[in-house]
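I have placed the structure first, in the form of structure tokens, so that the comments after it can refer back to it.
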There are 2 protein chains.
Amino acid sequence: MEKLDETDLKILRILQHDSKKTTKEIADTLHLSASPVYERIRRLEKKGYIKRNVALLDKKLIGRPITAICMVSLRYHNEGFIDKFDQQIKELKEVQECYHMAGKVDFFLKINLESLDAYHEFIRSKLSKIDNIGVLESYFVLKEILHTTAYYF
Amino acid sequence: MEKLDETDLKILRILQHDSKKTTKEIADTLHLSASPVYERIRRLEKKGYIKRNVALLDKKLIGRPITAICMVSLRYHNEGFIDKFDQQIKELKEVQECYHMAGKVDFFLKINLESLDAYHEFIRSKLSKIDNIGVLESYFVLKEILHTTAYYF
DNA sequence: GCTGAAATCCTCTCGGG
DNA sequence: CCCGAGAGGATTTCAGC
């Protein structure tokens, strides 16, 4: 698939907001029959445009109300050290997002936990155990103003 | 629903990783028949534990490869000003996440765009048009180390 | 709350334009 | 690329335990 046409884009826009829409429903809004929509979705999945389908949960209801943003700078910046940091971060299930950044801060982390106590314990027993961390700054989310997984395109 | 039992939790853990799993598949792994799994999922949706089901797209393939983290501090902090900021941010489709923070930084924003030029234009023509912004600092994502919507529970 | 069966709807395939 | 039809499954409901 070299390029997506407008129909593909429309399908992606629908599915990134509601992946439970049936092919028939989508077909109806696009004035098509089910088969081409079905085939297109399958192609979009196969080619990686759609990475996965997930349920988004309510973090407060499931008992993980605390979100922290953590800014980390490494002490040493050789390739080996950065790769090792990557690996170690991926082991930490509490980390939802981790980005390697350009600039004076090396990494942004988004961490989700059940309480502030748990955060304290997380920093103490897990994050600070990772070698090579120079600076570590934590910020706490007071309120989620906006949170979507959809892209604007 | 006052409290979730272990079966509910297992269902949520499965669905937040793959919402396309059929009730039958889930029922098999939990050694149940399809009906109770079906009923539980419906209850979990109705009660808000499951907020929505979405397709996660590949941002590079759909042409939105640039992610920026933006830290914003307001000049004035009255209630009215904060609410107004919330409202104005929600209008900006390029903003995927916005958190009101505790500490010297007031807001974290995650912004997704097609290019650095588009980011420049976004700041110039949209973000900086919002009243009351005091400090605005941008960071760019070099590499996404980890990005999941699943919670660890 | 669970099971099993039955009805309905959707998914998925395929012949044809 | 699309349509339409048909077989096989999944969803959804419900009586019974």
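As a basis for the values below, the full set of heavy atoms in this structure was taken, side chains included, without hydrogen atoms, waters or symmetry mates. Note on naming: letters A, B, ... go to the chains in the order of the sequence lines (proteins, then strands), and numbering restarts at 1 for each one.
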Please report, to 0.1 Å, the donor-acceptor pairs under 3.5 Å made by any side chain of residues 54-71 of chain B, with sequence neighbours excluded.
residue, atom, partner, partner atom, Å
B/Asp58, OD1, B/Lys60, N, 2.9
B/Asp58, OD1, B/Leu61, N, 3.0
B/Lys59, NZ, B/Thr67, OG1, 2.6
B/Lys59, NZ, B/Glu144, OE1, 2.9
B/Arg64, NE, A/Tyr152, O, 2.9
B/Thr67, OG1, B/Asn112, ND2, 3.2

Between P of D/dC1 and NZ of A/Lys10, the distance in whole Å: 15 Å
Atom-pair distance (NZ on A/Lys3; P on D/dC1), nearest Å: 13 Å
Test log, rule salt bridge (charged side-chain N to carboxylate O under 4.0 Å, His left out), inputs A/Lys126 and A/Glu121: CA-CA 8 Å; A/Lys126 294 190 179 173; A/Glu121 191 53 27; over 6 Å; no
Closest nucleotide among C/dT13, D/dT12, C/dT3 to the B/Leu32 side chain: C/dT3
Proximity to the side chain of B/Pro36 - top-ranked nucleotide from C/dT13, D/dC2, C/dC2: C/dC2
Between C/dC10 (P) and A/Ile41 (CD1): distance, integer Å: 13 Å
DNA chain C contacts among residues 17-28 of chain A, heavy-atom distance under 4.0 Å: A/Thr22, A/Thr23, A/Lys24
Spacing of B/Glu39 atom CD relative to D/dT12 atom P, expressed in whole Å: 10 Å
Check against salt bridge (charged side-chain N to carboxylate O under 4.0 Å, His left out), A/Glu45 and A/Arg42: CA-CA 5 Å; A/Glu45 279 171 345; A/Arg42 218 163 57 134; over 6 Å; no
ILVMFWY cluster, A/Leu113 and A/Leu136 together (side-chain gap under 4.5 Å): yes
A/Ala34 or B/Ala34, whichever maps to the more 5' nucleotide of DNA chain C: B/Ala34
Any N/O donor-acceptor pair, B/Ser35 side-chain to C/dG1 base, under 3.5 Å: no
Length of the line joining B/Ile11:CD1 and C/dG1:C1', which is rounded to integer Å: 12 Å
Transitive ILVMFWY side-chain link B/Tyr99 to A/Val95, under 4.5 Å: no
Carboxylate-amine/guanidinium proximity below 4.0 Å for A/Arg52 and B/Asp18: no
Out of D/dT13, D/dC1, D/dG4, whichever nucleotide has its closest atom nearest the side chain of A/Ser33: D/dG4
Any B/Tyr38 side-chain N or O less than 4.0 Å from OP1/OP2 of D/dT12: yes
Phosphate-side-chain proximity, B/Arg42 and D/dT11, N/O vs OP1/OP2 below 4.0 Å: no
Phosphate-side-chain proximity, A/Arg40 and D/dC1, N/O vs OP1/OP2 below 4.0 Å: no
Distance-only polar pair, side chains of B/Asp106 and B/His77, donor-acceptor under 3.5 Å: yes
Nearest-Å distance for atom pair CG/P, residues B/Leu15 and D/dT11: 11 Å
Value in whole Å for how far the P atom of C/dG1 lies from CG of B/Leu44: 12 Å
Length of the line joining B/Leu30:CG and C/dT3:C1', which is rounded to integer Å: 15 Å
